[in-house]
Protein chains: 2
Amino acid sequence: MFELDLRSREPIYQQLVNKFKTLIINQVLATDEKLPSVRTLAQQLTINPNTIQKAYRELEVQGYIYSIKGKGSFVAPIIEQENQATLTTLKEELKKLLSEAIFLGLTKQEVIKMIDQIIVEVEGGEK
Amino acid sequence: MFELDLRSREPIYQQLVNKFKTLIINQVLATDEKLPSVRTLAQQLTINPNTIQKAYRELEVQGYIYSIKGKGSFVAPIIEQENQATLTTLKEELKKLLSEAIFLGLTKQEVIKMIDQIIVEVEGGEK
DNA sequence: TAACTGTACTACATAAACTAATACGGTTAG
DNA sequence: CTAACCGTATTAGTTTATGTAGTACAGTTA
């Protein structure tokens, strides 16, 4: 199923994350399809289950899959994937920008004001 | 001149970078003003000159100072308008990103948390 | 209850980051 | 021109972070 480079500079779990991302984005793995269990895949690749676990957690954080204890890990609904993935990226960019802006003198109050304004625009004042 | 926290989790050179940034941005150090030499400051702070050097290099890379071998390190010309312009640009980018992120589910609380975190990093927990 | 599932905790090896010791090369006052 | 300043490169040692593995715990289902 996978070809891993065990002695690559790129961590194994990262390779797994990328492989799965590709498969999921290209719809090779359908929504709600079950991924191999951490143990199964680990045995198959002759690596430690915890490495698979780390990859799966990363995929989950990034919104590509969801895991249920005792049941398994599954491909997340596409829209949610996209949004979560995008959001994660956005958060990183946001943090960089915010750091820079705060350093240049942007105040917390200004940012909050900005957010309030945006929320009004986007959500029309709900919440 | 400086108060360093030698056993902070934040690297010494990073603390120095931040202190100098603040001083330069707030015009406490004027344009072309000479910074203490790496050895002088090192002796004063009882740390290694190389640590100062690392801080100075970082400041140079980020455009805050310039160094001349054999002469010293000096505050780089900082045009206030440039900063303001940068800040304005950043604000626009910020607004776009924030709009997108909030649309995707980022909450106001998350952003505020993010800001607090950044402020702590930038100011290094003084007060 | 047995055989699956994900997950938490710990430990260990390795890689990266940080700081220091030393030496080298440019500038300038005397 | 040399002594006393400057920044900088190289190297090494120490600490910290990262990646992986071993083991044990906890939920699910037939």
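Here is the naming used below: chain letters follow the sequence lines, and residue numbers restart at 1 for every chain.
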Discussion item. Test of understanding: with side chain to side chain contact (heavy atoms under 4.5 Å, CB included), list the residues that count as partners of Q14(B), not counting sequence neighbours.
Written reply: E10(B), P11(B), V17(B), N18(B)
Discussion item. List the residues meeting side chain to side chain donor-acceptor pair (under 3.5 Å) with E110(B), not counting sequence neighbours, and say none if there are none.
Written reply: K91(A), T107(B)
Ignoring backbone atoms, establish whether [X] has a side-chain N or O less than 4.0 Å from OP1 or OP2 of [N].
| X | N | answer |
| --- | --- | --- |
| K54(B) | dC18(C) | yes |
| Q53(A) | dT7(C) | yes |
| T40(A) | dT5(C) | yes |

Identify all side-chain donor-acceptor contacts of residues 49-60 of chain B below 3.5 Å with residues at least two apart in sequence or on another chain.
residue, atom, partner, partner atom, Å
Y56(B), OH, P36(B), O, 2.7
E58(B), OE2, Q62(B), NE2, 2.5
E60(B), OE2, S67(B), N, 3.2

Distance check needed: [N] [atom2] versus [X] [atom1], whole Å only.
| X | N | atom1 | atom2 | result |
| --- | --- | --- | --- | --- |
| Q43(B) | dT19(C) | CD | P | 19 Å |
| F74(B) | dT27(C) | CZ | P | 12 Å |
| I12(B) | dT16(D) | CD1 | P | 12 Å |
| N48(B) | dA23(C) | CG | C1' | 13 Å |
| Q14(A) | dA15(C) | CD | P | 17 Å |
| Y13(B) | dT15(D) | OH | C1' | 14 Å |
| I52(A) | dG19(D) | CD1 | C1' | 13 Å |
| K71(A) | dA3(C) | NZ | C1' | 16 Å |

Of the options [options], whose atoms approach the side-chain atoms of [X] most closely?
| X | options | answer |
| --- | --- | --- |
| T51(A) | dG19(D), dC18(C), dA21(D) | dA21(D) |
| S37(A) | dA20(C), dT5(C), dG22(D) | dT5(C) |
| R39(A) | dT19(C), dA17(D), dG6(C) | dG6(C) |
| V38(B) | dA17(D), dT5(C), dG7(D) | dG7(D) |

Worksheet item: Can you list the steps and then say if T46(B) with L6(B) is a side-chain contact (heavy atoms from CB on, under 4.5 Å)?
Response: CA-CA 10 Å; T46(B) 58; L6(B) 272 298; over 6 Å; no
Item to complete: Check whether any side-chain heavy atom of F74(B) sits under 4.5 Å from a side-chain heavy atom of I65(B), and report yes or no.
Response: no
Worksheet item: Considering only heavy atoms from C-beta outward, does the side chain of D32(A) approach that of V75(A) to under 4.5 Å?
Response: no
Worksheet entry | For K108(A), salt bridge (charged side-chain N to carboxylate O under 4.0 Å, His left out) partners two or more places apart | D116(B)
Worksheet item: What closest approach, in Å, do L94(A) and A101(B) show between heavy atoms, and which atom pair accounts for it?
Response: CD1-CB, 4.2 Å
Practice prompt. Check the pair K34(A) / S73(A) against side-chain contact (heavy atoms from CB on, under 4.5 Å), numbers first and verdict last.
Written response: CA-CA 6 Å; K34(A) 190 169 183 295; S73(A) 298; over 6 Å; no
Worksheet item: Going by heavy atoms closer than 4.0 Å, what residues in residues 56-70 of chain A are next to DNA chain C?
Response: R57(A), S67(A), I68(A), K69(A), G70(A)
Practice prompt. Take atom NZ of K71(B) as the centre, draw a 6.0 Å sphere, and report whether it contains more than 12 heavy atoms from other residues, nucleotides or ligands.
Written response: no
Response to the item:
5' to 3', nucleotides 9-14 of chain C under a 4.0 Å protein heavy-atom cut-off (B base, S sugar-phosphate only, - none) gives B-----
Worksheet, complete the sentence: Comparing nearest nucleotides in DNA chain D, the 5'-proximal residue of the pair P49(B), E10(A) is P49(B)
